[in-house]
Amino acid sequence: AELRLQLGSLARARGDHRSAAEYLRAAVELATGLGARGVLVRALRPLSELLGETGKQAEAADVLRNGLIALGAEAD
């Protein structure tokens, strides 16, 4: 999960939004499955920001909402 997060961050810095989104989604999925809360928290923000920057605000909101649920936060 950590490696996917780093690769996503590098792809985003290079301007490769498609690869960045794929890596960051994989980081979120792996971190969620592994219970790696620290990686999950660190991956949610760049993924949601990237989605928002590319015109996918609803998906960005869903990513954050689902991430908070995975972390055990109350959904409202």
Side-chain angles (χ1 to χ4, degrees):
E2 181 69 41
L3 177 59
R4 298 289 191 272
L5 172 57
Q6 296 304 317
L7 290 170
S9 297
L10 290 172
R12 186 176 180 204
R14 288 192 323 262
D16 185 353
H17 300 302
R18 185 185 59 77
S19 293
E22 288 175 11
Y23 282 125
L24 292 169
R25 281 188 182 103
V28 167
E29 184 177 323
L30 286 168
T32 300
L34 295 170
R37 296 169 61 88
V39 177
L40 178 56
V41 168
R42 292 194 316 277
L44 287 170
R45 182 174 178 178
L47 177 56
S48 65
E49 287 175 349
L50 176 64
L51 291 169
E53 291 166 3
T54 56
K56 299 175 182 172
Q57 286 82 10
E59 189 176 350
D62 287 343
V63 163
L64 289 176
R65 187 177 307 104
N66 292 336
L68 289 172
I69 291 168
L71 290 166
E74 292 293 317
D76 49 19

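Owing to the predicted nature of the structure, the values given are computational and were not obtained by experimental measurement. Start at 1 with the first residue, then count along the sequence.
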**Request:** Measure across V28 and T32 and return the closest heavy-atom pair with its distance rounded to 0.1 Å.
**Result:** O-OG1, 2.7 Å
**Item:** Contact summary for A60 and L51, nearest pair of heavy atoms
**Value:** CB-CB, 3.8 Å
**Complete:** Hits for side-chain hydrogen bond (donor to acceptor under 3.5 Å, both in side chains) against R37, two or more places apart or cross-chain, chain-then-number order -> none
**Prompt:** More than 12 heavy atoms of other residues, nucleotides or ligands under 6.0 Å from CZ of R12: is that the case?
**Reply:** yes
**Request:** Identify the heavy atoms of A27 and L5 that sit nearest to each other, and give their distance.
**Result:** CB-N, 3.6 Å
**Item:** Cluster check L10, L50: I/L/V/M/F/W/Y, side chain < 4.5 angstrom
**Value:** no
**Prompt:** Hey, what do you get for CD (Q57) to OG (S48), rounding to the nearest 0.5 Å?
**Reply:** 11.0 Å
**Fill in**
What one should report as the nearest heavy-atom pair of L30 and A1 is CB-CB, 3.8 Å
**Asked** In Å, rounded to the nearest 0.5 Å, how long is the span from CG of L24 to CZ of R45?
**Response** 13.0 Å
**Message:** Within this structure, what is the CD-CG distance for the pair E22 and L7, rounded to the nearest 0.5 Å?
**Reply:** 11.5 Å
**Message:** Restricting to non-hydrogen atoms, name the atom on L40 and the atom on G67 that form the minimum distance, rounded to 0.1 Å.
**Reply:** CD2-O, 4.3 Å
**Complete:** Separation between CG (L44) and CD (E49), nearest 0.5 Å, reads 11.0 Å
**Prompt:** Do L64 and V39 share a hydrophobic cluster, counting only Ile, Leu, Val, Met, Phe, Trp and Tyr and linking them when any side-chain heavy atoms are less than 4.5 Å apart?
**Reply:** yes
**Carboxylate-amine/guanidinium contact R25 E29, below 4.0 Å** = no
